[in-house]
Amino acid sequence: MNELIQRSTDVNKQLSRYGVKFGIYKNNVFEERLFPFDTIPRILSAQEFAFLEKGLAQRVTALNLFLNDVYGKKQIISDAVIPEDFVYLSSGYLPQCEGLAPPKGISSHISGIDLVQSKNGDWYILEDNLRIPSGASYPLIARSLCRKCSPETFRKNRITDNRNYGQLLRSVMDYVNTGGLNVILTPGRFNAAYFEHSYLAEQSGAVLAESGDLYVENSQLFYRTNRGGERVGAIYRRISDEYLDPLCFLPDSLIGIPNLMTAYRAGTVAVLNAPGNGVADDKGIYYFVPKMIRYYLHEEPILRNAPTYLPFYEEDLRFVLDRLSSLVIKDVAEAGGYGVIFGRDLTKEALDTLKSAIVAEPRRFIAQEVIDFLDLPVMEDNQRVDRKADLRAFVLTGDSVTVWPSGLTRFSRDPESFVVNSSQGGGFKDTWVMSR
Amino acid sequence: MGYVSLSKTNRLFWLGRYSERVYTTIAYMIQRYDELIDSSELFDYTSYCVRLGIPCIYSDVEDFCRRYLFDKGDGNSIITSADHMLGNGMTLRETIHSTTLAYLQMACTAVELANTSSSPCVELQWALDDIMAFRGSFDDTVDDEETRNITKCGAALERLNLYLRFSYPRDTVHRQLCRLVNRLYKTSLTTRPEALAVLTDCLHGSGEIDEKTLLNGVETLFIL
């Protein structure tokens with residue numbers, strides 16, 4: 001591995017050559033930045049990955065069952081496993097999706113599950129991302145470039161090949177395809193994850209399209225070509241639910257496709273991931289995922305949640321208010337590392353303000369124990385330093401549930417910070433799964 | 001043609017135009033840089049702006065060389081054209097493939113490096129090499145003939161436009177005109193009949209057509 005680390009400059013030059021970037025809006029100006037890459041990989045043993053694989057597949061299976069249930073019969077609510085408040089007050093719950101059955105019964109085709117490893121080696125689920133989780137393209141291209149720069153490293157180590165993500169994605173799209181093209185819908189070049197959209201289109205053989213390229217006619221989705229319309233059978237949309245169809249959601253959306261939901265409702269096109277998934281990856285619902293696993297699968301959860309308290313419950317509210325300074329508080333409406341507050345960083349006045357906010361809107365917050373993440377080594381100015389890191393695992397659900405044998409390891413570049421998001425300056429690593 | 005949308009047709013065309021514009025204008029500026037070693041009076045940048053049809057916002061020849069090449073805030077600068085070239089390429093990744101797109105990325109990086117170099121022509125030469133490599137890779141990677149011809153039509157149109165603006169010799173213009181018109185029929189690009197008539201008349205007709213009429217025909221040829 002040392003040889004790979006010595007080749008860091010070459011690897012980063014290659015990443016620059018291929019334009020491996022992410023976009024960010026700073027003061028309302030769009031900037032593209034190279035995503036800082038660290039060549040020291042996160043290494044998962046075959047045994048460790050097998051454990052994670054089993055736990056992740058179990059979790060995503062339960063989440064898919066929950067989504068079908070919550071927009072269908074709602075047994076989990078009538079059996080009082082999840083309070084209805086947590087479903088119907090969730091910003092991710094879409095009444096427009098009531099009664100909708102997605103093709104082949106799959107709602108979350110591409111799930112991004114964020115995990116952290118504590119210092120004692122235990123893994124915890126930090127959050128589920130079932131809407132449009134991004135990041136797979138980065139370790140995917142980084143692996144190819146690292147192999148180019150340091151072939152010896154990959155000759156000497158038995159690393160499971162991760163370069164099949166495009167084929168996995170394609171097989172999921174093909175499985176749910178109702179007859180027609182596979183399309184990846186992007187909001188356009190000035191989206192933060194545009195590199196990923198275009199790279200995944202290339203890797204999966206799908207057509208990259210913007211909203212103007214697509215139209216609905218007779219409840220069917222078509223791709224506009226200069227030889228007429230080509231029917232679309234599966235659309236992997238990389239835009240948020242609320243912008244997807246201006247006739248169904250936000251009427252002023254310019255990046256959506258009018259009547260897409262009509263086609264989806266008619267069953268003529270598969271939408272990946274299904275609209276309405278936000279109800280299942282809501283930070284409040286996260287608390288209930290272990291209960292979902294027991295309820296739907298009659299199994300004990302293999303992977304643990306970080307210890308979480310819901311101020312919605314009176315008992316938890318008292319506990320949270322008492323121990324606020326030692327907990328991490330998350331605003332359920334925020335994402336991307338925003339709305340995460342460490343009680344220990346707050347002044348007495350700020351703690352009091354937060355307490356009042358929690359009492360006023362208990363459903364809006366969750367509180368978690370601070371997990372002391374396992375630090376991972378990162379090269380900085382030719383020195384190894386330790387930084388906080390998480391792992392986003394990708395779980396693809398088609399004919400079967402497949403956990404991609406890799407993942408996006410994100411790390412904080414600030415030694416004091418637990419926040420690893422790229423939008424807040426974080427970098428990334430490849431994730432190696434050893435084949436034995 | 002494969003599954004290429006109308007908007008992609010547009011981008012393929014503009015990819016051709018911008019790549020040609022960047023290539024030709026960099027090549028031109030490399031020559032001017034050389035002349036400027038001997039005298040700053042040899043290069044009439046105001047006349048260059050007039051011919052190109054861009055506003056002359058530059059205070060002197062030095063300001064022109066710096067801003068026309070490297071000012072991202074100048075919508076007519078070469079670096080802005082390079083950014084448009086890359087932007088069109090990026091939206092076509094799955095059509096032209098990452099290997100081809102990488103040459104556009106490298107050309108843009110070379111232009112940016114030239115901005116901070118004391119010998120900018122060395123880096124600018126790399127940009128030209130990268131665009132040439134892009135053309136080769138594009139030809140080699142994109143299987144669909146019509147797709148290739150759309151981009152080549154864009155490039156041929158831009159070259160012809162620049163040649164006419166800079167009063168290149170008649171036979172050079174004629175050669176480019178032949179290349180453009182021959183490609184036209186291999187694409188489904190929509191043309192304006194009256195503009196096409198000017199071009200074909202110039203190629204095959206007996207009467208002389210003045211440069212201004214021909215330039216107007218070139219500029220209004222396509223409906224996109």
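Quick note: numbers below take in every heavy atom, side chains included, and nothing from hydrogens, waters or symmetry partners. Computed from a prediction, not measured in an experiment: that's the story for all the values here. Convention: sequence-line order gives letters A, B, ...; per-chain numbering from 1.
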Considering all heavy atoms of both residues, which atom of [X] and which atom of [Y] are nearest to each other, and what is their separation?
X: B:D83; Y: A:R189; result: OD1-NH2, 3.7 Å
X: A:L208; Y: B:T91; result: CD2-O, 4.3 Å
X: A:F195; Y: B:R93; result: CD1-NH2, 3.1 Å

Residue [X] excluded, over 12 heavy atoms near [atom1] under 6.0 Å:
X: A:R7; atom1: CZ; answer: no
X: B:R179; atom1: CZ; answer: no
X: B:Y28; atom1: OH; answer: yes
X: A:N218; atom1: CG; answer: no
X: B:E194; atom1: CD; answer: yes
X: A:L254; atom1: CG; answer: no

Would a distance-only check, ignoring hydrogens and angles, find a side-chain to backbone donor-acceptor pair under 3.5 Å from B:E94 to A:S198? no
Keeping the roles fixed (side chain from A:Y18, backbone from B:S98), state whether a donor-acceptor pair exists under 3.5 Å. no
By a 4.5 Å heavy-atom criterion (distance strictly below it), what part of [X] contacts chain B: side chain, backbone, both, or neither?
X: A:E32; value: side chain
X: A:K13; value: neither
X: A:Y199; value: both

Going from CD on A:E202 to CG on B:L92, what distance comes out if it is rounded to the nearest 0.5 angstrom? 11.5 Å
Pair A:E210 + B:K8, salt bridge at N-O below 4.0 Å: no
Under 3.5 Å, which donor-acceptor pairs do the side chains of residues 105-115 of chain B form with other protein atoms, sequence neighbours left out?
residue : atom : partner : partner atom : Å
B:T109  : OG1  : B:Q105  : O            : 2.8
B:E112  : OE2  : B:K72   : NZ           : 3.0

Does any backbone or side-chain atom of B:L6 lie under 4.5 Å from a heavy atom of chain A? Answer side chain, backbone, both or neither. both
